[in-house]
Amino acid sequence: TGTATVRHSAPRRPTRLLPRFSLRLLLIAVTLVTVWAAWLAATTKRQQAARKGLTALGASTYLAGNEPTSVPSETLAFRLRQQLADHLDENLVFSVMAVQTHYLEEPSLKAGATYTPREVLAFLPDLPRLKSASLTHTEIRNEDLDVLQSLRGLKRLDLGMTRIHEGPLDALQGLQLTTLCLDRTRADDESLKSIANMRSLEFINLTRTKVTGQGLRSLESLPNLKTLLIRRCLVTEQEYLDFKERRPDVTVKWQLLKRP
């Protein structure tokens, strides 16, 4: 008779339901979380201090979703963040997206109201996600603008009715602005040479500046320019018409300067 051979299979190892984590990987994860938490705390603290300093100078700050020109967000994510901000520091949940200095009406100016000090600029680098800065009626001059170079996300800059004067505005060249307002300043043709390569510009306000028709030639090559305001500056009617002929795609609003 034959002898049957019985084979015994090796016992199966229990299936591991969870991935194996090494101590090294755990330490890396803890380090990354610690670094992120430290960065978030430092960023929040800087934003808190910047908002406090701007408020002391009479400026207003607007958190994400509450900017002056935006429609209030109704998304679920925004509502959840809003509820979280009700229980935590709002500076931890939302970034400042817009800054606006105090606008002075004509009666206030005649009564001796003073411009916002140029120190308002010193707080802006601590708002890295800032998209809009309306800095009207401030003491800001050309040489003060270097601090804006770190604000790579800035899209709208209003320097109307400031102390901007004749000469270059080179500090603006690295910004990806879509809107630039220089109205009621002493900006001139030399100033326009500095913004001639700011290809992202769509809207420029040069009302009541010292810009001439010669200076407008610097703006002809801006590919995305859509609107140009040149009311009551030193541009003649013929120079305005010449610019319109060369750039028919741009909406130009011109008004004759009436000399006393």
Side-chain angles (χ1 to χ4, degrees), residues 54 57-59 98-110 112-122 124 130 132-149 151 154-175 177-198 200-220 222 225-236 239-240 243 250 252-260:
L54 288 166
L57 292 174
V99 170
Q100 185 173 340
T101 53
H102 184 58
Y103 184 89
L104 298 175
E105 301 290 348
E106 190 68 25
S108 299
L109 291 171
K110 290 182 177 179
T114 58
Y115 278 26
T116 301
R118 67 183 66 179
E119 285 75 17
V120 69
L121 281 174
L124 300 190
L130 192 67
S132 175
S134 181
L135 305 175
T136 56
H137 289 118
T138 60
E139 296 285 352
I140 295 171
R141 301 176 184 273
N142 304 37
E143 53 270 26
D144 301 322
L145 298 175
D146 288 343
V147 298
L148 297 177
Q149 294 179 353
L151 299 174
L154 192 65
K155 297 299 181 185
R156 182 182 185 277
L157 179 60
D158 189 345
L159 296 172
M161 293 165 286
T162 61
R163 305 302 187 190
I164 294 296
H165 54 77
E166 303 87 345
L169 296 170
D170 293 344
L172 302 182
Q173 290 182 337
L175 301 178
L177 298 177
T178 58
T179 297
L180 176 61
C181 299
L182 295 169
D183 51 298
R184 295 172 177 81
T185 67
R186 290 171 19 223
D188 63 356
D189 294 351
E190 195 67 25
S191 308
L192 294 191
K193 291 180 182 179
S194 297
I195 65 176
N197 293 319
M198 297 175 66
S200 57
L201 279 172
E202 299 176 6
F203 179 99
I204 304 176
N205 188 351
L206 300 173
T207 296
R208 294 179 66 177
T209 60
K210 300 180 72 174
V211 168
T212 71
Q214 183 64 32
L216 289 186
R217 291 183 173 272
S218 301
L219 307 181
E220 290 179 8
L222 293 177
L225 186 62
K226 295 181 175 63
T227 304
L228 176 64
L229 307 186
I230 48 174
R231 299 186 180 101
R232 290 189 286 175
C233 55
L234 301 180
V235 177
T236 67
E239 290 168 334
Y240 149 68
F243 182 88
V250 178
V252 183
K253 297 184 179 181
W254 172 85
Q255 185 178 353
L256 178 67
L257 173 64
K258 297 181 179 180
R259 299 182 183 275

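Note: hydrogens, waters and symmetry copies are ignored here, and every other heavy atom, side chains too, is used.
- Contacts of Tyr115 classified as ring-ring contact (aromatic ring centres under 6.0 Å, His included), with partners at least two apart in sequence or in another chain: His137.
- Note that OG1 of Thr162 is 10.0 Å distant from CZ of Arg186, once rounded to the nearest 0.5 Å.
- A donor-acceptor contact closer than 3.5 angstrom is absent between the side chains of Asp158 and Thr136.
- Within the 4.5 Å cutoff, side-chain heavy atoms of Leu124 are placed close to those of Leu151.
- Of all non-hydrogen atoms in Phe243 and Leu225, the two that sit nearest each other are CZ-CD2, 4.4 Å.
- The one candidate from Thr138, Asn142, Leu145, Thr185 that meets the side-chain contact (heavy atoms from CB on, under 4.5 Å) condition with Leu159 is Leu145.
- Residues Asp183 and Leu206 have side chains not in contact (no heavy-atom distance under 4.5 Å, counting atoms from C-beta outward).
- Environment of CD in Gln214: sparse, with no more than 12 heavy atoms of neighbouring residues, nucleotides or ligands closer than 6.0 Å.
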Full working for side chain to side chain contact (heavy atoms under 4.5 Å, CB included) between Leu148 and Leu157: CA-CA 10 Å; Leu148 297 177; Leu157 179 60; 3.9 Å; yes
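- The structure places CG of Asp188 at 9.0 Å from NZ of Lys193, a figure rounded to the nearest 0.5 Å.
- Note that OH of Tyr240 and CG of Leu228 are 10.5 Å apart. Values are rounded to the nearest 0.5 Å.
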Stepwise side chain to side chain contact (heavy atoms under 4.5 Å, CB included) check, Gln255 with Arg208: CA-CA 10 Å; Gln255 185 178 353; Arg208 294 179 66 177; over 6 Å; no
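- Between Ser191 and Gly167, the shortest heavy-atom distance links the atoms OG-O, 2.7 Å.
- Counting heavy atoms from C-beta outward, Val252 and Ile230 have side chains that approach closer than 4.5 Å.
- In Asn197, the CG atom is not crowded: 12 or fewer heavy atoms of neighbouring residues, nucleotides or ligands sit closer than 6.0 Å.
- In terms of heavy-atom proximity, Ala187 sits nearest to Thr209 at O-CB, 3.5 Å.
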Step-by-step side chain to side chain contact (heavy atoms under 4.5 Å, CB included) determination, Glu166 to Lys210: CA-CA 8 Å; Glu166 303 87 345; Lys210 300 180 72 174; 2.7 Å; yes
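- Leu234 pairs with exactly one of Leu257, Asp189, Val211 by the side-chain contact (heavy atoms from CB on, under 4.5 Å) rule, that one being Leu257.
- Leu177 and Ser200 get closest at one heavy-atom pair: O-OG, 2.6 Å.
- A search for ring-ring contact (aromatic ring centres under 6.0 Å, His included) contacts involving Phe203 returns nothing, not counting sequence neighbours.
- Ion pairing between Asp144 and Arg118 holds under the 4.0 Å rule for side-chain N and carboxylate O.
- In this structure, Met161 CE and Thr101 OG1 are separated by 9.0 Å, a value rounded to the nearest 0.5 Å.
- In plain terms, the two heavy atoms of His102 and Leu104 that are nearest each other are CD2-CD2, 3.4 Å.
- Looking at heavy atoms from C-beta onward, Leu222 lies in side-chain contact with Ile204 at the 4.5 angstrom threshold.
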Side chain to side chain contact (heavy atoms under 4.5 Å, CB included) between Asn205 and Leu182, worked out: CA-CA 6 Å; Asn205 188 351; Leu182 295 169; over 6 Å; no
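- Annotation for Ala196 and Ser218: closest pair CB-O, 3.2 Å, computed over non-hydrogen atoms.
- From Glu202, atom CD reaches atom CG of Leu180 across 12.5 Å, with rounding to the nearest 0.5 Å.
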